[in-house]
S.K.: 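Got a structure for you, questions after.
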Amino acid sequence: MARGRGEREDYEKNPGLLSLLQILSFLVVFVAGVVIGLATSAHINRHFGSQTEIYSFINHFSSNKPNKEENCTIVQGCEKVDCLSMETFLQPKNLTHGMSDDELFWRASMVPGKEDFPFERVPKVAFMFLSRGPLPMMPLWERFFQGHDKFFSIYLHVLPGYKLNVSSTSPFYGRQIPSQPVSWGTVTLVDAERRLLSNALLDFSNQRFVLLSESCIPVYNFPTVYKYLIGSNHSFVESYDDPGRYGRGRYSRKMLPEIELYQWRKGSQWFELSRTLAIYIVSETKYYTLFSRYCLPACYPDEHYMPTYFNMFHGSLNSNRTVTWVDWSLGGPHPATYAGDNITEDLVRSIRNNGALCQYNSEMTSICYLFARKFAPSALEPLLDLASSVMEF
């Protein structure tokens, strides 16, 4: 206490010292206030600056989003469009996308680990048309599909830039997939087949996959075709050992040791696959690469890649025959083409049942071919005349 009274007395004797201390105290408080104010202001600026950047990014992203009506399926009953809804994920309605082939094959190769489906799944048959452009047999196919919308899907691979002129009520409307140029006899045909399979695999309801051309026709009605394919335990890929120059003669020893001569197979390009084998084809890269490098004209990958691959690894899942009838009786690199003058009731009936039997599951059947080719545009009208009486649709 004595020390405190002494200090107070000193201050009373030296009023200037007291004033100096008061000024210094004020300055300290003022400077501290300025520092705190500046720090707070900088923090606020940074905060609002970052928010502005975020909002700017969101606005930029929103303004550059694809048009919702063009690229997303509108789910009725929702307040907004959800491109990741279960409906659009399981059954894409819009086939337009910007994926590369590698991205598409990767996406299509995904297999759910859960066996049960979280929706009521109705198995469908995917009809995949590989065409240069027009589909002259389209009216016949439209009659074939009529009334069976829930049981099929259609996919069209045409030349890039070609637009199919079709009514909005047609099952072919809006079914073109992003395509690439295709050259006959090259691996680009296999690329197109894998592209079709991959796009069709994006729809989880597709169970069977048929490859068709613009010159193909159905020779049975839809219920018969659907029951035949959905009920089959096997795929239909023609695969046989041809010892001649057009079979083993196309084999390249550069494929050793992965593919040996005795494993080499030949078959028709026009296949029908189960979902299991379709996934194998779009996922596989090793043997596809071998064929793209070493199966060059006069070796044709579309006639050897799948027949050889399935023979080597999935023979028990394949019937080793095709369900598409073709007439090779004239010889040469291309089959016979049937024009309008060639179309008769007897011709169509002979394709449907020529007296031969083939194996279906564990039994023999007289129904061996469901489709046929090649038919010229002039064959359309005669075929339409026979559709109800002979082909029963």
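One-based numbering along the sequence shown.
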S.K.: Is it true that the side chains of Ser274 and Thr276 contain a donor and an acceptor less than 3.5 Å apart?
M.R.: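 No - no donor-acceptor pair under 3.5 Å links their side chains.
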S.K.: Would a distance-only check, ignoring hydrogens and angles, find a side-chain to backbone donor-acceptor pair under 3.5 Å from Thr186 to Ser183?
M.R.: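 Looks like yes, one N/O pair under 3.5 Å.
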S.K.: Strictly by side-chain hydrogen bond (donor to acceptor under 3.5 Å, both in side chains), give each pair with a member in residues 326-335 just once, sequence neighbours left out.
M.R.: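 Every side-chain hydrogen bond (donor to acceptor under 3.5 Å, both in side chains) pair that includes a residue of residues 326-335, provided the two are not neighbours, is Asp327-Ser329, Asp327-Tyr338.
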S.K.: Any luck finding a side-chain donor-acceptor pair between Glu238 and Gln269 under 3.5 Å?
M.R.: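 No - no donor-acceptor pair under 3.5 Å links their side chains.
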S.K.: For the rings on Phe313 and Tyr309, is their centre-to-centre separation under 6.0 Å?
M.R.: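 Yes, ring centres under 6.0 Å apart.
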S.K.: Taking Trp325 for its side chain and Leu370 for its backbone only, find out whether a donor-acceptor pair lies under 3.5 Å.
M.R.: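 Side chain of Trp325 to backbone of Leu370: no pair is present.
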S.K.: Pair up each side-chain donor or acceptor in residues 105-112 with any protein partner under 3.5 Å, not counting sequence neighbours, and list the distances.
M.R.:
residue	atom	partner	partner atom	Å
Ser109	OG	Phe105	O	3.4
Ser109	OG	Trp106	O	2.8

S.K.: Within 45° of the six-membered ring axis of Tyr251 and under 6.0 Å from that ring's centre, is NZ or CZ of Arg248 located there?
M.R.: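 No, a cation-pi geometry is absent between Arg248 and Tyr251.
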S.K.: For Asn311 and Ser239, which I'm curious about, is there any donor-acceptor pair between the side chains at under 3.5 Å?
M.R.: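 There is no such pair (donor and acceptor under 3.5 Å, judged by atom type) between the side chains of Asn311 and Ser239.
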S.K.: Within the distance-only criterion (no hydrogens, no angle test), does the side chain of Thr289 pair as donor or acceptor with the backbone N or O of Thr285 below 3.5 angstrom?
M.R.: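 Pair found, side chain donor or acceptor close to backbone of Thr285.
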S.K.: How about Arg321 and Gln359: does a side-chain donor come under 3.5 Å of a side-chain acceptor?
M.R.: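 The criterion, which ignores hydrogens and geometry beyond distance, is not satisfied for Gln359 and Arg321.
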S.K.: Hey, are the side chains of Asn221 and Thr224 touching, using non-hydrogen atoms and a 4.5 Å cut-off?
M.R.: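 Asn221 vs Thr224: side chains touch.
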S.K.: Picking from Phe144, Tyr228, Phe393, what satisfies ring pair (Phe, Tyr, Trp, His ring centres under 6.0 Å) with Phe222?
M.R.: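 Checked Phe144, Tyr228, Phe393 against Phe222; only one passes ring pair (Phe, Tyr, Trp, His ring centres under 6.0 Å): Phe144.
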S.K.: Can a donor-acceptor pair be found, under 3.5 Å and without considering hydrogens, that links the side chain of Asn361 to the backbone of Glu363?
M.R.: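 No: the side chain of Asn361 does not pair with the backbone of Glu363.
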S.K.: Spell out, as yes or no, whether a donor-acceptor pair under 3.5 Å connects the side chain of Arg250 to the backbone of Tyr300.
M.R.: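 The answer is no, because no donor-acceptor pair under 3.5 Å joins these two groups.
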S.K.: Once rounded to the nearest 0.5 Å, what's the spacing between atom CD1 of Ile367 and atom CG of Leu357?
M.R.: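 Rounded to the nearest 0.5 Å, the CD1-CG separation comes to 11.0 Å.
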S.K.: Regarding Arg175 and the six-membered ring of Tyr155, is the cationic atom NZ or CZ under 6.0 Å from the ring centre and inside 45° of its axis?
M.R.: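 Checked: cation-pi criterion met.
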S.K.: Quick one: does NZ or CZ of Arg265 land under 6.0 Å from the six-membered ring centre of Phe310, within 45 degrees of the ring axis?
M.R.: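 No, Arg265 does not sit over the ring of Phe310.
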S.K.: Apply side-chain hydrogen bond (donor to acceptor under 3.5 Å, both in side chains) to His234 and Asn320, showing your working.
M.R.: CA-CA 9 Å; His234 303 90; Asn320 294 327; over 6 Å; no
S.K.: Tell me if a side-chain donor or acceptor on Glu284 pairs with a main-chain N or O of Tyr288 at a distance below 3.5 Å.
M.R.: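 Answer holds: yes.
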S.K.: Counting N and O atoms only, with roles assigned by atom type, does the side chain of Ser283 sit under 3.5 Å from a partner on the main chain of Tyr280, one being a donor and the other an acceptor?
M.R.: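 A pair under 3.5 Å: no.
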S.K.: Using the ring pair (Phe, Tyr, Trp, His ring centres under 6.0 Å) rule, pick out the option among Trp141, Phe127, Phe129 that qualifies with Phe172.
M.R.: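 Only one option passes, and that is Phe129.
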S.K.: State, with a plain yes or no, whether a side-chain heavy atom of Val125 is found less than 4.5 Å away from one of Gln207.
M.R.: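 They are not in side-chain contact.
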S.K.: Is it true that Phe209 and Trp270 have ring centroids separated by less than 6.0 Å?
M.R.: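 No, too far apart.
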S.K.: Set out, in order, the CA-CA distance, both residues' side-chain angles and the distance that settles side-chain hydrogen bond (donor to acceptor under 3.5 Å, both in side chains) for Asn318 and Ser235, then state yes or no.
M.R.: CA-CA 5 Å; Asn318 186 30; Ser235 294; 5.5 Å; no
S.K.: Tell me if a side-chain donor or acceptor on Asn342 pairs with a main-chain N or O of Ala339 at a distance below 3.5 Å.
M.R.: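 Yes: the side chain of Asn342 pairs with the backbone of Ala339.
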S.K.: With side chain to side chain contact (heavy atoms under 4.5 Å, CB included) as the criterion, how do Tyr246 and Glu303 come out once you've worked through the C-alpha distance, each side chain's angles and the decisive distance to 0.1 Å?
M.R.: CA-CA 10 Å; Tyr246 300 117; Glu303 294 183 2; over 6 Å; no
S.K.: Any sub-3.5 Å donor-acceptor pair from Arg195's side-chain atoms to Pro178's backbone N or O?
M.R.: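 Side chain of Arg195 to backbone of Pro178: no pair is present.
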S.K.: Is it the case that Arg352 places NZ or CZ above or below the six-membered ring of Tyr220, under 6.0 angstrom from the centre and within 45 degrees of the axis?
M.R.: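 Positive - Arg352 is close enough to the ring of Tyr220 and near enough to its axis.
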S.K.: For a quick check under 3.5 Å, do Thr188 and Asp191 share a side-chain donor-acceptor pair by atom type?
M.R.: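 Side-chain D/A pair, Thr188 to Asp191: absent.
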S.K.: Establish, yes or no, whether a centroid distance under 6.0 Å links the rings of Phe152 and Phe145.
M.R.: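 Ring-ring flag for Phe152/Phe145: true, centres closer than 6.0 Å.
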